[in-house]
Amino acid sequence: MSLQELLQQIANGLVVGSVYGLIALGYTMVYGIVRLINFAQGGLYEVGAYLGVFFFTLMGKFGLQYPIPAVLITLVISMTLTGALAFVVERVAYRPLRNAPLLAPLVSSLAMFFLLISVVQVVTGAEPLTYPSVLSPAPLHLGPIVLSPTSLIIFFAAILLMVGMQQFVRRTKVGKAMRATAANREAAALMGINTTRIVSLTFVLGGAMGAAAGILYGVNYGTVTYDMGEFGGLVAFTAAVMGGIGNVPGALVGGLTVGVLSSFASTFLPNQWNEAIVFAILILILAIRPQGILGERVAERA
Amino acid sequence: MSLLRVSDLRVRYGAIQAVRGISFQVEEGECVTILGANGAGKSSTLRAVAGLHRPSGGSVTFGSQVVTGEPAHRIARSGISLVPEGRQVFGTLTIRENLELGGYVQSASANGEALERVLGIFPAFRQRLGALAGTLSGGEQQMLALGRALMTRPRLLMMDEPSLGLAPIVANQIFGILTEIVGSGIAVLLVEQNVHRALQVASRGYVLELGEVVLEGTAASLLADDHVRLAYLGHGMGEAE
Amino acid sequence: MSLRSCPRVLAALSAAAVVAAAAATVSLSATVAAASSPFVIGFANPLTGSEATYGVSDEHAVNMAASQINKAGGIDGHKVKIDACDTQATPAIGVACADSFVSDHVNAVVGFFNSSISIPASGILHKADIPMVSAASTNPTLTEQGFKNVFRVCGTDNYQGAVEADFAYKILKVRRVVALNDEETYGQGVASFFGQSFKKLGGKVVEDEGIDADATDFTSVLTQIKSISPSVQLIEFGGFNPAAGLLIKQARGLGITVPFISDDGVIGPLYYQTGGQSTVGTYLSSSPTPQNLAQGKDAIPAAKTFLQQYVKQFGQPTEYAGYSYEAVEVIANAAKTEHSIAANKVIAGLAATHNYRGTTGIVDFNSIGNNITPQYLIYKVQPGGGNKAYWNPNAKSKS
Ligand SMILES: Nc1ncnc2c1ncn2[C@@H]1O[C@H](COP(=O)(O)OP(=O)(O)O)[C@@H](O)[C@H]1O
Ligand SMILES: [Mg+2]
């Protein structure tokens, strides 16, 4: 592999990885607060992508031609709606089971995931939908690397959202309440924090991040399919575990790492192996460094 | 009218009856202690009052409000602060963030003033505001938990075994601060295993056994009580300290 | 009786009703047969679902052919009757259509559109000795099973791959290419015949790789291609959308500018929707549409008539409508020449079809039932997503 190809594969991996990182953020935030792997996240990502197509196309019909405002408005509307859906997911699939054994909410979140995907499949008739192409396909040359303008924008938008979310959690009052709830839910309640609402909010934000990922993915690749949530959800989960589940910056690091790794993997293996590779990475992390790249060892918290 | 009135409070965990219908009061500005052996139901009582555990019966009245069964964050906002057993500081957050969260319900400016006031009580934290709470020693964590609870100027401060597991010298410091707090007019409900010290700070006390109040009275009367002396102070009649 | 068992009773009742109705139909058709039995052509196509646009257009064409034959007196007095069955593009359902044709004793079958259905269905019709003419199934296997009853008026994937190779080598004059496929029967077929033919012509296939049809990110494989790109002059892809659209879009995004050619599975609006601007100027091989066959200096007279009549009744036909029409005509022609509607006679008549001039050009069945004069055109994608016929391998003059 030449140096140029190496750099190009890394760049490709970073673009995909930034989208995975955004989805992973949803897993990691919810896990951080309620110690639950919310598998519905993959479904929310997909629903967000489909809502995106819908509103994006709608705006085209109303004559909004300028791509960037159209993408921004689509992002805001779809993130809001998907966030609302995540709110419902929390109410229906998590809250009634929060005192049940851990397996119960895990299974119900998995059920939610399949439900969301099936609904998309039924509503759209399992047909792939396409995002209107918004930017010129003319490639940009960045030194030895060539990227489409869309992928470059996708990458920076994803990073911006992730860094923004991180700053929100670090600096704002609500963000601090979220971290307090994650660190010690009872103590947080004793501070006057409505932890039930914080849990809801976390699901909502996670869902909104998933939707953003779905839209960015759709804008980048131009096509969304009813089963995109399966692979996307799996890869992002791996990314979250890799970065250290529960760790917000870890989602970004994990997403980018998984993106680059799978980009390399598919140069050496046919891309039918993609899913196998992702699982292999997941198993390796769990075996070698279960706490992930940035994760603390669980024992330290106890 | 009492500041806190608890009547016929019952707490159960499944089949286990931890608190079996106890009643007690705390007056405005008063320091009251609840004494009892391990497992007597002291923590359960405080947790039920604070809203962390829903009582299975009885009522809790704070000021003029009945707060029985309200969620913890509401009770906290009404002016009751609990420093829970085992401190429960936010280990992954900094000292500053822990203190700021103590004043979560108040405005940013009020919180700024409160921080100054609390740092006045615990000057050692001033230099270490950026340190993670998880890195502090047990005594420091207890101070932080107390400081965090004081950020809102609660009308009632409840403390669950603040000296547990601390070196005597550190425990002394804590009790010193507690005395100051009581002096400042904040009502305190104190649960302690260190009966002697507790009865020095408190003006009244209740003795809990197997979830029931078996004895109550002024600090002096409890100190003089044979049962208390035998069971909790570890020495018999007439033995002066 | 509890309320819960009511639906079951209802089901039993309705089943009984269906059986009774079926019995009535059988006895009815028996009496009609005595007068002049109809010539029943089973027609199986996807009439609902994502491929229904094609299926329904074909159904119109088949009905049009039947009514025209009937207007002209039928087949020696036997009226042509179409027995339509919806395959939903699903093999299990399509095979059930074949079973129903057998139990209905149809005289011939036009179908089943998807190769994945035509192949298993042909086995069932073979056992029952029912003649079958496919109008749209291009997988070579269909006619390679040794079934005497199976024919097709459309072309085959290998022929399509060969046309692509011809075009790449002779017209674009490229010598070193990459052939990709989606690892599914159809795409692999086109790509491998493209590669074989291209090598035969003297060209070199630098890389030959399968990609995951369900994936959406092909940048890895494209980056590899790009790293050897000075020597790659063309990318060929055998498969479907959205993979093709994504592939070309990502290729152009990576700065890969060489020509791109793909196939019949790709041509259609979804290609431009997924690939956008990047698809403009790419080439697609495909059977000619009825519209293509009816225009230009190579226009086929029968195609012109068909198009006019079709448009008048149903609007624009889709790609295989002309072939579907042709299939009915070829079957009727076989029965007429043999003066019999007996299955073995119709099969013999079909096998003897040579130089039949119809709506899609000339039909000439070889020993295994393939039409040896299929038409394939190379289209070029236009700005806005339209496809323009760009090269016709059968035309003497270059367009
Ligand atoms: N979460 C719980 N689940 C079940 N039993 C509990 C729980 N917490 C306390 N108990 C039981 O309730 C009784 C009172 O406990 P606690 O209130 O912690 O006593 P104390 O604080 O006086 O030591 C004990 O028998 C204890 O085992
Ligand atoms: Mg206790």
Side-chain angles (χ1 to χ4, degrees), chain A residues 1-13 15-16 19 124-141 145-152 217-218 220-225 227-228 230-232 259 262-275, chain C residues 48-53 88-90 180-184 208-230 240-257 268-281 385:
Chain A
M1 191 187 284
S2 68
L3 179 66
Q4 182 183 359
E5 189 185 348
L6 183 86
L7 293 173
Q8 182 68 51
Q9 294 289 19
I10 291 177
N12 299 343
V15 172
V16 198
V19 174
T124 66
E127 282 223 66
L129 295 184
T130 53
Y131 269 77
S133 302
V134 284
L135 291 173
S136 97
L140 294 173
H141 293 261
I145 300 167
V146 184
L147 284 174
S148 70
T150 316
S151 24
L152 212 62
Y217 175 95
N220 194 21
Y221 295 109
T223 307
V224 291
T225 55
D227 54 0
M228 67 184 278
E230 292 172 16
F231 187 66
S262 64
S263 168
F264 279 119
S266 44
T267 54
F268 299 116
L269 285 169
N271 65 358
Q272 279 79 0
W273 285 84
N274 272 354
E275 264 166 73
Chain C
T48 57
S50 63
E51 292 172 37
T53 345
Q88 297 176 31
T90 306
L180 301 175
N181 71 78
D182 64 356
E183 303 222 314
E184 284 176 23
D208 171 1
E209 202 163 335
I211 61 169
D212 183 0
D214 297 328
T216 36
D217 191 319
F218 302 114
T219 48
S220 265
V221 68
L222 289 168
T223 299
Q224 272 175 287
I225 292 172
K226 189 176 155 111
S227 68
I228 50 165
S229 68
F240 294 98
N241 284 311
L246 293 171
L247 201 58
I248 185 60
K249 184 172 166 184
Q250 289 164 27
R252 297 295 185 246
L254 286 171
I256 299 173
T257 54
L270 191 54
Y271 180 52
Y272 184 75
Q273 279 168 30
T274 40
Q277 277 299 104
S278 302
T279 62
V280 173

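Throughout, protein chains are lettered first and strands after them, A, B, ... in sequence-line order, and every chain is numbered starting at 1.
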Query - Which atoms of A:Tyr217 approach chain C - backbone, side chain, both or neither, heavy atom under 4.5 Å - result: side chain
Rounded to the nearest 0.5 Å, what's the gap from [atom1] on [X] to [atom2] on [Y]? Could you check?
X	Y	atom1	atom2	value
C:Asp212	C:Asp182	CG	CG	9.0 Å
C:Leu222	C:Leu246	CG	CG	10.5 Å
A:Thr130	C:Tyr271	OG1	OH	14.0 Å

**Report entry** Between A:Val15, A:Asp227, A:Ile145, A:Thr223, the one whose heavy-atom pairs under 4.5 Å with chain C are most numerous
**Finding:** A:Thr223
Report task. Report the option among A:Ser262, A:Gly222, A:Gly13, A:Ser263 that has the most heavy-atom pairs separated by less than 4.5 Å from atoms of chain C. Result -> A:Ser263
Requested in this report: Please answer whether the main-chain N or O of C:Thr216 pairs with a side-chain N or O of C:Gln250 as donor and acceptor at a distance below 3.5 Å.
Outcome: yes
